[in-house]
Amino acid sequence: MIEPSPATTRVAAFEVFLTRYLNPDGSLTADPPAFARDREQARAMYALMVRTRLFDRKAVALQRTGLLGTYAAVLGQEAIGTAIGHALAAEDIFIPAYREYAAQFARGVPMHAILQYWGGDERGMAYPEGTPSHHDFPLSVPIATHVPHAIGVAYAIKLKQERRVVMASCGDGATSKGDWYEAISAARIWNLPIVFLVSNNGWAISMPSHRQTGAATFAQKGLAGGLPSEQVDGNDVIATRAVLAAAIERARDGGGPSLVEALTYRLHDHTTADDARRYRAEAEVAAAWERCPLKRYKAYLEAAGFWSADDEAALVADGTAAAEAAAQTFLNLPPQAPEAIFDHLYAELPSSMRWQRDEVRARGPVDGGH
Amino acid sequence: MIEPSPATTRVAAFEVFLTRYLNPDGSLTADPPAFARDREQARAMYALMVRTRLFDRKAVALQRTGLLGTYAAVLGQEAIGTAIGHALAAEDIFIPAYREYAAQFARGVPMHAILQYWGGDERGMAYPEGTPSHHDFPLSVPIATHVPHAIGVAYAIKLKQERRVVMASCGDGATSKGDWYEAISAARIWNLPIVFLVSNNGWAISMPSHRQTGAATFAQKGLAGGLPSEQVDGNDVIATRAVLAAAIERARDGGGPSLVEALTYRLHDHTTADDARRYRAEAEVAAAWERCPLKRYKAYLEAAGFWSADDEAALVADGTAAAEAAAQTFLNLPPQAPEAIFDHLYAELPSSMRWQRDEVRARGPVDGGH
Amino acid sequence: MADLALIEAVNLALASEMQRDARVVVLGEDIGRNGGVFRATLGLLDRYGPERVIDTPLAEMLVAAMAIGLSTQGIRAVAEIQFSGFLYPCLDQVVNHATRYRNRTRGRLSCPLVIRAPNGGGIHAPEHHSESLEATFAHLPGLRVVAPSSPARAYGLLLAAIRDPDPVIFLEPTRLYRLFKQPVEDSGEALPLDTCFIDRSGTDITLVSWGAMMHDTRLAADRLAEDGISAEIIDVATLKPLDLDTILESVAKTGRCVIVSESARAGGWASEIAAGLAEHGLLSLFAPVMRVAGYDTPMPLARQERVYIPDVSRILHEVRKVFEMAPR
Amino acid sequence: MADLALIEAVNLALASEMQRDARVVVLGEDIGRNGGVFRATLGLLDRYGPERVIDTPLAEMLVAAMAIGLSTQGIRAVAEIQFSGFLYPCLDQVVNHATRYRNRTRGRLSCPLVIRAPNGGGIHAPEHHSESLEATFAHLPGLRVVAPSSPARAYGLLLAAIRDPDPVIFLEPTRLYRLFKQPVEDSGEALPLDTCFIDRSGTDITLVSWGAMMHDTRLAADRLAEDGISAEIIDVATLKPLDLDTILESVAKTGRCVIVSESARAGGWASEIAAGLAEHGLLSLFAPVMRVAGYDTPMPLARQERVYIPDVSRILHEVRKVFEMAPR
Ligand SMILES: Cc1ncc(C[n+]2csc(CCOP(=O)(O)OP(=O)(O)O)c2C)c(N)n1
Ligand SMILES: Cc1ncc(C[n+]2csc(CCOP(=O)(O)OP(=O)(O)O)c2C)c(N)n1
Ligand SMILES: [Mg+2]
Ligand SMILES: [Mg+2]
């Protein structure tokens, strides 16, 4: 928009690219990368997407019947978490927003832990020892505030001369917050091994992404920090994994931070506490179903001869059972003791606070907990 | 840094331009704009730069002799404030950082008010009625925090259907802060009449600007908000005024917000409380003096036949006297009453606080005020 | 006169003042078509249009800063933050600018703005949605902090907050949003901003509270009445500046005081009131001033929130202690 | 044993602990080559290199967030914020993350970090450079807040803060940075983090203070001694968690208490202490608990800062009131 004139010189130029391998109908735009041609890997990705969708459905059902608190569904965005889960190495560190269940499952978070979290139990964030998730960060609700933690985590990695990568993910709305920008702005100063991921699902609650900012893409926000910045079709699990893996390996090899905007669509309400019909047209949602990540990837798998109707039936049965089992585990967990609210406040409870714990202990269980 | 491949498409592209009319030796890169060919306007700009420099010198001298508090000198950056002062219309609204004295003088802030501010007296921010400065914002010390006020001010202008423009200025360091980014990110949503100005003077206290961010230019940070973004040689008062005026008039005509990065150099210590020799090479400063905005513009004026040695002598005499008079006015101002700390706390002091004012009043003047 | 829930009274006050005063605008996240996450701004977009009902980007610091910018230009900006736990990014703007422009420009610029947010827990909301922020704000000079405890007070105090020439933090009791209804008249009449309400008169003990905890305090007083104890209840709806005089007068009469608040105990606003009593009410006091408050932990996730939030039994427990130490 | 000013003791503690523990890093604006605006980090860059002495971009929220990220990885991050008035952008990170990671992950992640900042006025600094933030932080659960009042305590408490497994806000008294020197031994010995110091023993009145105001409190006690009044001085250097017991014991002995603090009075930490006395010390008190504090205004610009900051005469004034109400 600034016109060159005799008094001007061009000092910088930037381009933003979008990567897509799978069209919405499942056809290919180009030769897919090796992992997508590997039968086992290709099938595993699909399985994770489907299991995540079945889990998600179960979680919503639990909430609707009063057995779970507010829940943020991931319906329609399963490809992104799946791609993360497959692109990250076990030793890498994941700092997620609150909808990346597929990635979390891949990293060892049990399904019931996610239910526990949304069910109002802190123990849902004590991810199991011996799994990659044990050193990952928990879900983060205050939007974008977790993203700058990546700067410190990645700096620590450099300091310790480890070959690990940090992935910090968030939504399109999150990119309006100063926290996000401060991280983007700083990452390249120390050439930190970070991949910033923005899941642009078209909406931040009721705000369509085109009203969130004047920028035409969310990817270009990375230019503010001098980051290699690109878009990927986030409903194309092949492209998303390929792009993330490239960014991760570049970071691992000392190539520094980058930003990936994954284009997707939130097919569900924002959370179970939201009613999206208030602010968006059903037609838009219907159209988005046509771009469903599972549908298109399944078409690819079938065309590649990697998937059959029997496979599908077995997966659905198994995934349904897993979600059901997770729900049961969650529902049967014994409650925390009331005084557990003091257990991890400090490494050791200061003596001046002991009376508070004693008071709670003396009262015992309180009505209204559930 | 992202390589196009068969699976990629280009979705956006950006360029950043730098404008310069005056080379450091005063020679022209292109035909200058009309205002620079107008004898009176051209001379007025020079006069403001020189008067600002003389004021600045006086302020530093006052601080060195214990008559003023910490002071932030503008030495070497006078062209930017001068350009702002000449580019803004009286009705426009200026939201400055803390070094834009030339612009403030142009808008009616008396020199002694600036001394008063750095001398520790709030009255230095009560800019006089009947001048444009009266509706301007005062100097802002918490870095970048004033910039997002521009969003609200400009929104109010739109709401009232006024043809006014807001200019919010800050330094290169300020562009690392979330406050600044949140403003940049939002401005184009409502296509607000704002010009964001970044005076990149090479340093933020001891941090060279290339260590402040991984971005190659500060201008490109504007791309994060989809803003037209450009660089200008901020030591070239002609280019700076031209670029700012274009951005201002575009905003006034409904063309929306933009970002200008003005390249300059801080010739002085950060403030009088700083000693820049601790962290930067004398040679760098010496080299920067070669790019001094006054020197090059004077060469231009002389070449254009707009300026003589007599003019120079008269201006220096007059400017010195003005700075001296401002110092005297400042030094002779009667102190505020102690209880003045309650005068503008609320529109009306709540009754529950009156005892505090009474207590202060009863104590009378306190030692250590000065 | 319609029976309204507290959230409806907030909505009514906003609509009513927008109707009356064209300078009033509302801004915040999801407040337009969506009507706000709690529906406080329901219908305002249709009635007053997108220019006065401003959906902002997801950036609380910006919301505060934008309200500041608007208010300096004579616009009455009423900002909504979705939950008080997301107010922290606004704090820098509030303390370094909103409360200071009038002072530092010696009256030239000022910030007649309101920042509204639901405050407190008890509705089984997700993490970070149930915090109590009043003490953090009430410590800041130049600010007003208001926390209504009923639909009628929410209506009248919100009108007052919008009309006030200085910045106001307006903390709405989330737990009471839909808990009960009350007749609220759209009278356009504001309530005073620096006077405590004597919510109920009594002679034996003074119970002081505000916001959602007023509800439990009233229930506790009912129980005390059954035991023949007459509690005076004071609603400190306008927390800052604090009207200590009304509390002192009550304690002068009752000689006993228990202060009930939901926020963390250490440095909570209950401490400020107790300190006021230690300074000005000492001679009236028969017994120690007890604070019933949240524990010095973060608000737990939903399953344990009732462990944290004071309830009737905790209030009665402290009241009983007071009467043990100073029997009638 | 060298005679050190408080800022030199801070510098010594940082250097000493960086030497002892390779996990310790310092970060902040201008802390490298420049050695920090007050020179707290002088020489550290040369001794420990740019990887452990990290000049950050100009972004306080990021500094806090980066310290959080570092600390979760076992790095002991010691962040400097240039003036406490610029701590507000850190608050969201501190309250929503630093103090919570341990709790929300049930001990899996934790944040052993320190955020240091000069606190308070009295050095004729520019606007926004003289604020007092302790109450704002001390209200937050899961945090420690420390405010030393002498070079030796600064050294020992900073070591303790760095070694503590939880987040600590370390507020250094700007006014005392270079006001006096004291022998400080580089013993590597930390001071306890949750005990008040009995700074001076006395029998007639308890003076409670912390940080820079300890200086004026000591001077006031000297003056009282001239009048034959024996003041006990308590230095609440570890504000949070608060060791009320030591204060209660003292007041049990003296029956009189004046609390001196620089921050705005309403909701200041003095109020928390007074509230503690109103609850647990009422029976010991012969006289009201007086707070000598900053007024409920922003810190004025330099010319009026002495109007705002409590001084010896204001302390003596309140002490005299106490003895008028409760003569010996
Ligand atoms: C700081 C903060 N402000 C507001 C909210 C309330 N809120 C929760 S999710 C959300 C929208 C987030 O949008 P986006 O970042 O696009 O993520 P998405 O939900 O679409 O995955 C908002 C406003 C919050 N959690 N944190
Ligand atoms: C929020 C905040 N942090 C730190 C400071 C201390 N400080 C004052 S000026 C400055 C550097 C500003 O650099 P820049 O924005 O480039 O402006 P310049 O001084 O170079 O004009 C710093 C860190 C401050 N005033 N505010
Ligand atoms: Mg989104
Ligand atoms: Mg600079």
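Within every chain, numbering begins at 1; the chains are lettered A, B, ... in the order of the sequence lines, protein sequences first and strands thereafter.
For a residue to count as touching a neighbouring chain, one of its non-hydrogen atoms must lie under 4.5 Å from one of that chain's; by this rule B:S258 does not touch chain A. At a 4.5 Å heavy-atom cutoff, the contact between B:R211 and chain A is made by backbone atoms alone.
Of the residues considered (A:K177, A:R20, A:E182, A:H210), A:E182 shows the highest number of contacts with chain B, using heavy-atom pairs under 4.5 Å. Looking only at heavy-atom pairs under 4.5 Å with chain A, the residue among B:A216, B:A215, B:A7 that has the most is B:A7. Ranked by heavy-atom pairs shorter than 4.5 Å toward chain B, the options A:A246, A:G178, A:A224, A:P32 are led by A:A224. When each of B:T213, B:T29, B:V232, B:D233 is scored by its heavy-atom pairs under 4.5 Å with chain A, the top score falls to B:T213. Between chain A and the options B:A13, B:A12, B:A219, heavy-atom pairs under 4.5 Å are most frequent for B:A12.
With values rounded to the nearest 0.5 angstrom, B:Y181 atom OH is found 14.0 Å from A:S176 atom OG.
Closest approach of A:R10 and B:E15 over heavy atoms only: NH1-OE2, 2.8 Å.
In this structure the side chain of B:K221 reaches within 4.5 angstrom of the side chain of A:S185, judged on heavy atoms. Looking at B:F14 and A:L223, their side chains come closer than 4.5 Å, going by heavy atoms from C-beta outward.
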